[in-house]
Amino acid sequence: MLGNFSASASVPRRDGARLARALVRWFHEHRRRLPFREDPDPWRILVSEVMLQQTRVEAMLPRYRGFVARFPDAGSFAEASADEAVASWSGLGYYRRARALHRAAGEISRQGFPRTEAGLRALPGIGPYTAAAVASIAFGEPVAAVDGNVRRVLARRFGVEGPTDRASFRRRIRELADQLVRIATQGADPAAAPGDWNQALMELGALVCTPAAPRCAGCPLRGRCVAFLEGRVAELPERPERRAPVAVRLATGLVRDRRGRVLLFRRRRSPMRGLYELPGGPCRVGETPRKALTREARARYGLVLSPGSALPSFRHTVMDQRLTVYPFFAAVAGERGPPVRGRWTAPDELDRIPAGAILKKALAIAGSESPPVDCRALMSGNTP
DNA sequence: AAGTCGTGGAA
DNA sequence: TTTCCAAGACT
């Protein structure tokens with residue numbers, strides 16, 4: 001095909017080898033000692049990579065230790081129930097990961113651990129990044145694992161323009177990453193192990209080439225870093241445009257069951273599909289779940305909530321507002337019997353509760369629907 | 001392609 | 001207080 005074949009599209013071999021040498025040296029000196037780097041067990045590496053998806057090392061670390069202590073291999077996790085699998089993920093977020101990993105563990109225990117990027121990619125929950133990461137770290141396959149860190153490092157080092165969500169940007173980064181992993185693991189002297197190379201790139205992004213306030217003074221690549229040399233470190237990579245907030249209408253209501261407990265239900269349509277919330281609208285930013293529920297319940301319905309009933313909660317992000325929501329029954333003061341325990345429920349599971357049925361029940365019990373309220377929400381720019 | 005899914009921490 | 005967004009995958 002015609003078009004993009006300019007010299008800038010490829011990394012000169014010598015240049016790449018120099019970059020690789022400097023980065024690998026830096027990595028050996030500055031790498032963090034992390035438990036999943038201490039032993040090369042594929043299962044643990046897989047678990048760590050899945051846990052690290054959109055999650056910081058510091059947040060993931062304690063969960064990781066507990067998880068691998070309880071499920072030291074794929075077989076043990078496969079034997080757990082689906083509920084246990086999700087519960088073991090409690091507090092980590094993105095609970096779909098837990099279900100997918102559970103299924104993957106089943107496949108692994110039946111068919112063996114895939115030892116290639118392509119084989120790993122076929123497992124549920126294993127995308128392009130995770131497949132490459134596990135293949136390179138656990139099995140030494142020379143494939144580039146491109147995550148947010150790598151995109152940022154390469155965008156700055158090579159001056160890659162354009163918003164990071166653009167196809168052209170991703171393509172260019174992919175080219176660079178593919179060429180570099182080849183050079184670093186084959187052409188460079190000494191050749192780096194594929195897993196070390198990928199982790200070095202990511203570690204640099206995590207410790208030095210950070211999104212905000214990068215530590216360029218300590219960067220092994222600054223001598224040839226386009227962004228640094230041109231004083232554009234803060235501008236690269238370009239962020240995708242943010243959507244404008246729009247008003248949406250929410251149908252809300254209140255349900256009380258026979259024991260006087262309050263059930264909060266969700267609205268039905270996009271863009272906040274699946275959102276459960278307090279009657280009357282979203283919680284205030286920064287409010288604790290209990291405080292918000294207490295406030296709304298008292299203000300709107302004169303209910304006094306009893307203390308002592310634990311309420312697991314979920315937060316939903318809409319224009320980065322935290323909306324605290326309650327998919328559970330809450331205990332109401334005066335109720336006899338034990339306080340209601342919040343059953344631990346993952347958002348995936350909540351999605352299967354038919355909103356229509358809940359709304360119907362709400363109307364039957366509460367008598368009428370509360371008036372719609374306005375709420376900021378994310379919508380694609382041109383939708384009314 | 002654009003929307004969705006969670007949580008915690010930093011600035 | 002508000003915004004950003006972190007070792008993404010999936011639809």
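We name chains A, B, ... by the order of the sequence lines, and we start the count at 1 in each one. All values derive from a computational prediction rather than experimental measurement.
- When rounded to the nearest whole Å, the span between CH2 of A/W89 and P of B/dG8 equals 15 Å.
- Side chain of A/Q199, nearest nucleotide from B/dT7, C/dA7, C/dA9: C/dA7.
- C/dC10 and B/dA1 are spaced 13 Å apart, taking the C1' atom of each and rounding to whole Å.
- The nearest whole Å value for the distance from the CD atom in A/E241 to the C1' atom in B/dA2 is 14 Å.
- Looking at A/R97 and A/Q53, their side chains never bring a donor and an acceptor atom within 3.5 Å of each other.
- Side-chain atoms of A/A167 lie closest to B/dA1 of the nucleotides B/dA1, B/dG6, C/dA6.
- Residue A/T130 places no side-chain N or O under 4.0 Å from the OP1 or OP2 atom of C/dA7.
- The aromatic rings of A/F77 and A/W43 sit tilted relative to each other, their planes meeting at an angle between 30° and 60°.
- Proximity of a side-chain donor or acceptor of A/R224 to a complementary backbone N or O of A/L19 within less than 3.5 Å is not detected.
- Looking only at distances, no side-chain donor or acceptor of A/R44 sits under 3.5 Å from a matching main-chain atom of A/F36.
- When rounded to the nearest whole Å, the span between CE of A/M202 and P of C/dG8 equals 9 Å.
- From A/T130, atom OG1 reaches atom CE of A/M51 across 13.0 Å, with rounding to the nearest 0.5 Å.
- For residues 104-117 of chain A, proximity to DNA chain C is found at no residue, defined as any non-hydrogen atom under 4.0 angstrom from a strand atom.
- A distance of about 15 Å separates the C1' atoms of B/dC5 and C/dC5, rounded to the whole Å.
- Rounded to whole angstrom, the span from the CZ atom of A/R171 across to the P atom of B/dA1 amounts to 9 Å.
- Shortest non-hydrogen contact noted between A/T210 and A/R156 is O-NH1, 2.8 Å.
- Within residues 145-164 of chain A, no residue is approached by DNA chain B to less than 4.0 Å at the level of any non-hydrogen atom.
- In terms of heavy-atom proximity, A/V86 sits nearest to A/A98 at CA-CB, 4.0 Å.
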Donor-acceptor contacts, no H, no angles, side chain residues 119-126 of chain A, under 3.5 Å, sequence neighbours left out:
| residue | atom | partner | partner atom | Å |
| --- | --- | --- | --- | --- |
| A/R121 | NH1 | A/I126 | O | 3.2 |

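- A/H102 places a side-chain N or O within donor-acceptor distance of the main-chain N or O of A/A80, the cut-off being under 3.5 Å.
- Nucleotide B/dC5 holds its P atom 13 Å from the OH atom of A/Y95, rounded to whole Å.
- Interface residues of residues 37-59 of chain A facing DNA chain B, ordered by number: A/Q54, A/T55, A/R56; criterion, heavy-atom separation under 4.0 Å.
- Electrostatic pairing of A/R182 and A/D178 does not count as a salt bridge here, judged by no charged N lying under 4.0 Å from a carboxylate O.
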Which pairs of donor and acceptor atoms, one on a side chain in residues 132-142 of chain A, lie under 3.5 Å apart (sequence neighbours left out)?
| residue | atom | partner | partner atom | Å |
| --- | --- | --- | --- | --- |
| A/S136 | OG | A/A132 | O | 2.9 |
| A/S136 | OG | A/A133 | O | 3.0 |
| A/S136 | OG | A/N198 | ND2 | 2.9 |
| A/E141 | OE1 | A/E117 | N | 2.8 |

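- Atoms CG (A/L204) and P (C/dA7) sit 12 Å apart, rounded to a whole Å.
- Here the shortest heavy-atom pairing between A/A145 and A/V150 reads O-CG2, 3.5 Å.
- Pairing each heavy atom of A/R152 with each of A/G205, the nearest pair is NH2-O, 2.8 Å.
- Rounding to the nearest 0.5 angstrom, the gap separating the CG atom in A/N149 from the CD atom in A/Q199 is 11.5 Å.
- Here the P atom of nucleotide B/dA2 and the CZ atom of A/R170 are 12 Å apart, to the nearest Å.
- Both A/L34 and A/R121 sit near DNA chain C, but only A/L34 has its closest nucleotide nearer the 5' end.
- Across all strands shown, A/L92 has heavy atoms under 4.0 Å from base atoms, whether or not it also approaches the sugar-phosphate.
- Remark: A/R14 CZ is loosely packed, at most 12 non-hydrogen atoms of other residues, nucleotides or ligands lying under 6.0 Å away.
- Rounded to whole Å, atom C1' of B/dG8 lies 12 Å from atom OH of A/Y94.
- Residues of residues 62-76 of chain A that place a heavy atom closer than 4.0 Å to DNA chain C do not occur.
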